[in-house]
Amino acid sequence: MGLLNEGITEVIAVTENNAAPIGIIVRPGMPPRLVLFKGSRTTENILRYGWVTANFVSDCYLYPQYAFSDAAATDLMRVFAGGIMMQRLAAADAWIAFQTTVLHETEETYYIDLLPVVSEYVCKELRPVNRGFNSVIDCTVHATRYVYNPEERLHGLIEYHLEIIAKCGGPRERKAGRYLREICGL
Ligand SMILES: Cc1cc2nc3c(=O)[nH]c(=O)nc-3n(C[C@H](O)[C@H](O)[C@H](O)COP(=O)(O)O)c2cc1C
């Protein structure tokens, strides 16, 4: 499972008819894990169907797109993995299919253990990223909080990343930046 390194890897998690950016936590001696907030469709689907695919993408725009809007049916492809029909992102450069087990529950979250069953490299080309790409991911994290809680501290972080996106990004990063500005009403 060479696709996941120690740390938190931000992927597009696909569950039944849904896609959303989610972090996969990898620590030594532990299975890969998700910490999912209650109330999202990703959480509901994982509890209901018991699978998720982690999709690695080089198009940064997909992070804000799936954080703030639904996946179209044509964005997803069916894949048979571990004896179950799952779905993955059509635009994935690579993907891993997991069966899921709920490890632990708190008032706000579920801890989910991931058992890898299949993985595939779809795109074998190296796709270099710029600083704007990473800032789109960071900015999207702050924006998902800012839309519920428009505090000045988050506004400052969003503007910081929008500046890097404008300076270092290519067309997809700049498009993501415009979308994030619009979503946040800035
Ligand atoms: C980069 C990134 C990582 C995220 N990681 C998580 C996570 O690990 N757990 C979680 O519950 N939400 C996470 N989120 C927030 C969800 O993507 C967000 O709540 C999303 O709207 C859920 O969509 P859904 O209702 O379609 O599942 C993350 C957001 C971003 C941008």
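Order of appearance sets the numbers: ligands from 1, and atoms from 1 within every ligand. In what follows, every heavy atom counts, from backbone to side chain, and hydrogens, waters and symmetry copies are set aside.
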Salt bridge (Lys or Arg N to Asp or Glu O under 4.0 Å) evaluation trace for Lys167 with Glu173: CA-CA 10 Å; Lys167 197 164 73 182; Glu173 285 81 16; over 6 Å; no

field: Single hit among Thr42, Thr43, Asn45 for side-chain hydrogen bond (donor to acceptor under 3.5 Å, both in side chains) with Thr15
entry: Asn45

query: His155 versus Leu186: any side-chain heavy-atom pair under 4.5 Å?
result: yes

- prompt: Side chains of Thr144 and Phe68: closer than 4.5 Å at any heavy-atom pair?
  reply: yes

statement: Only one of Arg127, Arg172, Lys175 passes salt bridge (Lys or Arg N to Asp or Glu O under 4.0 Å) with Asp59, and that residue is Arg172

- request: For ligand 1, list the protein residues that place a heavy atom within a distance below 4.0 Å of one of its atoms, sorted by chain and number.
  value: Glu10, Asn18, Ala20, Pro21, Ile22, Gly23, Val35, Leu36, Phe37, Ser40, Arg41, Thr42, Ala67, Ile137, Thr140, Val141

query: So, for Ile96 and Leu4, which heavy atoms are closest and what is the spacing to 0.1 Å?
result: CD1-CG, 3.9 Å

